[in-house]
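Structure first, commentary second.
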2 protein chains.
Amino acid sequence: MVRVDGAGNPRAATLSDVARLAGVSIATASKAINGRDEVAPATRQRVLEAAEQISFTPNQLARSLLAGRTGTVGLLTSDLEGRFVIPILMGAEDAFGAGQVNVFLCDARGDAIREQHHLKALLNRRVDGIIVVGRQTDPRPSLGHDLPVPVVYAYAPSDDPTDVSVTPDNVAGGRLAIEHLLATGRRRIAHISGDPAYAAAQDRAVGVRAALADAGLELVGDVMFSEWSEHWGRDASGLLLSQHPEVDGIFAASDQIARGVLDTLRDLGRRVPEDVAVIGYDNWEILATNSRPELTSIDANLQELGRVAAKRVFTALDDERRSGTESLPVRLVIRGSTIPRR
Amino acid sequence: MVRVDGAGNPRAATLSDVARLAGVSIATASKAINGRDEVAPATRQRVLEAAEQISFTPNQLARSLLAGRTGTVGLLTSDLEGRFVIPILMGAEDAFGAGQVNVFLCDARGDAIREQHHLKALLNRRVDGIIVVGRQTDPRPSLGHDLPVPVVYAYAPSDDPTDVSVTPDNVAGGRLAIEHLLATGRRRIAHISGDPAYAAAQDRAVGVRAALADAGLELVGDVMFSEWSEHWGRDASGLLLSQHPEVDGIFAASDQIARGVLDTLRDLGRRVPEDVAVIGYDNWEILATNSRPELTSIDANLQELGRVAAKRVFTALDDERRSGTESLPVRLVIRGSTIPRR
DNA sequence: GAAAATACCGAAATGCTTTTCGGTACGTTA
DNA sequence: TAACGTACCGAAAAGCATTTCGGTATTTTC
């Protein structure tokens, strides 16, 4: 007879069901199923067949309760809408999924109250660790140190240096962009950035200035800050070309801005990359590969960042010295906007 | 004395710790904390203070084990990368989050094996339900009916009509787009679509033809199918205008295609919306609001779709008649590409 | 003042699995 | 044949919270 729950649904089979069917004790059934070697082969066979027959799967709740570990991790994001959060999520899910760990997804939607609420829920569910994913690279408030599980901050580092954080290296990104423009022979380079309130904007600008200084050059005009939009890219490049028509390389701090830059250059009759080379940031494929010409860009390796964060959750406690903010390398993706296609 | 685990970390407080500290039995402590009314006010106060003092939080595992429900739901996506999956996720997480339910996120990355693996893991964790989120609106294989929990298919409906599915109404979307163009006085309307292998492309085309037929009109040229890219939008509209220069309205089956269309119209010196009106699909804000002019589009209400899917998980079993594919309404978002700004 | 009712509390069972440890039964060795 | 070892199996505890039900102690009612 199939046991049923209150609503009349077939109830999931338990170990005792298996044991009864196989004519053994619960302990023996457990041992047989888990491959312990204190079971006679024939008995094991009987148990496995019984388990198969009623499609038994061990209840992870009971197992976790006993083991003290649940094999679950909380992903606490401040804003799922953010384009940068998704690849990090994917990387983390990927890294955990391979290791039998499942992920609780919590979206605080930028609200600190909701974040606390989710945090509490995660702890009640006895997650083995938590990854906090921010939407900007600006430091964010720490969740504190009195938590019973390891916490890793991804993208947005914690403002507490004794926490474990991983974030992309924006300074290196800015440097890399400029070094690439220099390598293609550009010398009169401008930088159109986004919202100056973002650490990402400031960090990239630092890398830009450092790379130019190393080459004994100066930026054409000042860094142009405003907002992270295609509109701004269009407006800024119009302004730039009227004031500094000699410019031969433009580093846009986002692919969206770069798209605007390409638009304006096209309108003004400048050829890309022959007259002006353009490089973007983020390597947002759908934007970068559909522009005319296709857009060279800096890729922050966010998926890898998610994977690293996942690893840190389980290694951070073993190795306390790892605390602090780890800046992960970025990568250059060359397309037609900086180097002419043959 | 603080109890510690094997690694020396402070162990989470249990109910029996609270009971001991408050000098009552475990049962009484439980009742006091859960607000049952068989406890004297003074006793309750003592218990609550004890709980507060050692920051006790009930172990959800134990609770779930007893209750038979875990308050968790599995979100099984076929592809997190897909742009349409995220808003659905957000909607579902939103709907569940408000009801104390947490979400397990599983990304099968388009692999059926991995999907089965994740499904099994979710069932072992005794989720109360599962939402399967596809990346296309084409029907997908059912997970079957011999599962112990309700399953709802979102975006990609199940190919089994006895399953519960929710999907956006693409036919209505196609109709809505055309009706809007007609309402702005257009009569020579063309439709540039994406990959014809997608149900979304075919469904929208059905809506297009129906709306035109109702108005006693015919499409200018055939529906132009190829791929969902900006490049195709540019190429297709070039072709279209050379063959049918009289066209005064274009319905692009995605915002990306629409962006390409706008590009070409601009290159050819056609004014939008004065000479040609353009309407897109998906209402991808970042694309739609950054184009010149801003793009009118059809919004599939994906976040709402996620919320509905979440609801169905808990109502589907109560009301078996609900099975089948439910098509959710879409919505028109008017911007400058169809109606001139004052 | 006695009987009944009420208010409060605690022991124990429940949910499911894993692990430890004690106990049979059989085979082996002297 | 007696003593011992091995292989296998099962009872029971542990993990934690909830709920039922029986039991005191106190109050109420006649």
Side-chain angles (χ1 to χ4, degrees), chain A residues 3-6 11-48 50-51 54-71 123-128 148, chain B residues 3-6 11-48 50-51 54-72 100 123-128 148:
Chain A
R3 290 168 67 186
V4 298
D5 66 13
R11 220 217 30 178
T14 75
L15 190 57
S16 89
D17 296 334
V18 176
R20 195 171 337 107
L21 187 59
V24 299
S25 77
I26 294 180
T28 303
S30 172
K31 281 179 264 192
I33 287 172
N34 293 323
R36 312 291 304 258
D37 54 358
E38 304 139 351
V39 187
T43 310
R44 162 160 305 152
Q45 186 61 26
R46 254 199 355 272
V47 172
L48 289 179
I54 60 179
S55 58
F56 165 80
T57 56
N59 187 326
Q60 281 291 347
L61 294 174
R63 198 178 254 191
S64 301
L65 188 57
L66 197 59
R69 292 180 311 100
T70 54
L123 293 178
N124 289 357
R125 293 202 185 279
R126 298 299 189 265
V127 292
D128 294 336
Chain B
R3 290 169 68 185
V4 297
D5 65 13
R11 220 216 31 178
T14 75
L15 191 56
S16 88
D17 296 334
V18 176
R20 194 169 341 105
L21 187 59
V24 299
S25 76
I26 294 180
T28 303
S30 173
K31 281 179 266 193
I33 286 171
N34 293 321
R36 312 290 304 260
D37 54 358
E38 303 139 350
V39 187
T43 310
R44 161 161 303 149
Q45 186 62 25
R46 256 202 349 275
V47 172
L48 290 180
I54 59 180
S55 58
F56 165 80
T57 56
N59 187 325
Q60 281 291 346
L61 295 174
R63 198 179 254 192
S64 301
L65 189 57
L66 196 60
R69 293 180 309 100
T70 55
T72 61
Q100 317 287 359
L123 293 178
N124 289 357
R125 293 201 186 279
R126 298 299 189 267
V127 293
D128 294 336

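Note on naming: letters A, B, ... go to the chains in the order of the sequence lines (proteins, then strands), and numbering restarts at 1 for each one. In this text the structure is predicted, and so the values were computed from the model without any measurement.
- The phosphate of dA17(D) has neither OP1 nor OP2 within less than 4.0 Å of any side-chain N or O from Asn34(B).
- The backbone N or O of Gln60(B) lies less than 3.5 Å from no partner atom in the side chain of Arg125(A), so there is not a single donor-acceptor pair.
- Computed from coordinates, the Arg126(A) CZ to dC16(D) C1' distance equals 9 Å when rounded to whole Å.
- Asp37(A) places its CG atom 9 Å from the P atom of dC8(D), with the value rounded to the nearest Å.
- Protein atom CG of Asp17(A) is 11 Å distant from nucleotide atom P of dG15(C), rounded to whole Å.
- Following rounding to the nearest Å, Glu38(B) (CD) and dT24(D) (P) show an atom-to-atom distance of 18 Å.
- Closest of all the heavy-atom pairs between Ala13(A) and Arg126(B) is O-NH2, 4.2 Å.
- Using a 4.0 Å heavy-atom criterion, one finds that Ala27(B) contacts the bases of the nucleic acid, with or without backbone contacts as well.
- Scanning both residues, Leu65(A) and Leu61(B), for their nearest heavy atoms gives N-CD1, 4.1 Å.
- Across all strands, Leu61(B) comes closer than 4.0 Å to no nucleic acid atom at all (heavy-atom distances).
- Projected onto DNA chain C by closest heavy-atom contact, Arg46(B) and Arg63(B) fall at different nucleotides, the more 5' of which corresponds to Arg46(B).
- Rounded to whole angstrom, the span from the CD1 atom of Ile54(A) across to the P atom of dC16(C) amounts to 12 Å.
- The Val24(B) side chain lies nearest to dG10(C) when the options are dG10(C), dG15(C), dT19(C).
- Closest to the side chain of Thr43(A), from the set dG10(D), dC8(D), dC16(D), is dC8(D).
- The listed nucleotides are dG10(C), dT14(C), dT18(C); the one nearest the side chain of Ser25(B) is dG10(C).
- Taking atom CG of residue Leu66(B) and atom C1' of nucleotide dC16(D), one finds them 9 Å apart after rounding to whole Å.
- Here the straight-line distance linking atom CG of Asn59(B) with atom OG of Ser64(A) works out to 9.5 Å at 0.5 Å rounding.
- Rounded to an integer number of Å, the gap from Ile26(B) CD1 to dT18(D) C1' is 11 Å.
- A residue-by-residue look at Pro41(A) and Arg36(B) shows that Pro41(A) has its nearest nucleotide of DNA chain D further toward the 5' end.
- Residue Asn59(B) places its side chain closer to dC16(D) than to any other of dC16(D), dT17(C), dG15(C).
- For Ser30(A), the side-chain atoms get nearest to dT19(C) when compared with the rest of dA17(D), dC9(D), dT19(C).
- Closest approach of Val39(A) and Ala32(A) over heavy atoms only: CG2-N, 3.8 Å.
- Counting only heavy atoms from C-beta on, Thr28(A) has its side chain closest to dC9(D) among dT18(D), dC9(D), dT18(C).
- Here dA17(D) presents its C1' atom at 9 Å from CG of Leu65(A), a figure rounded to the nearest Å.
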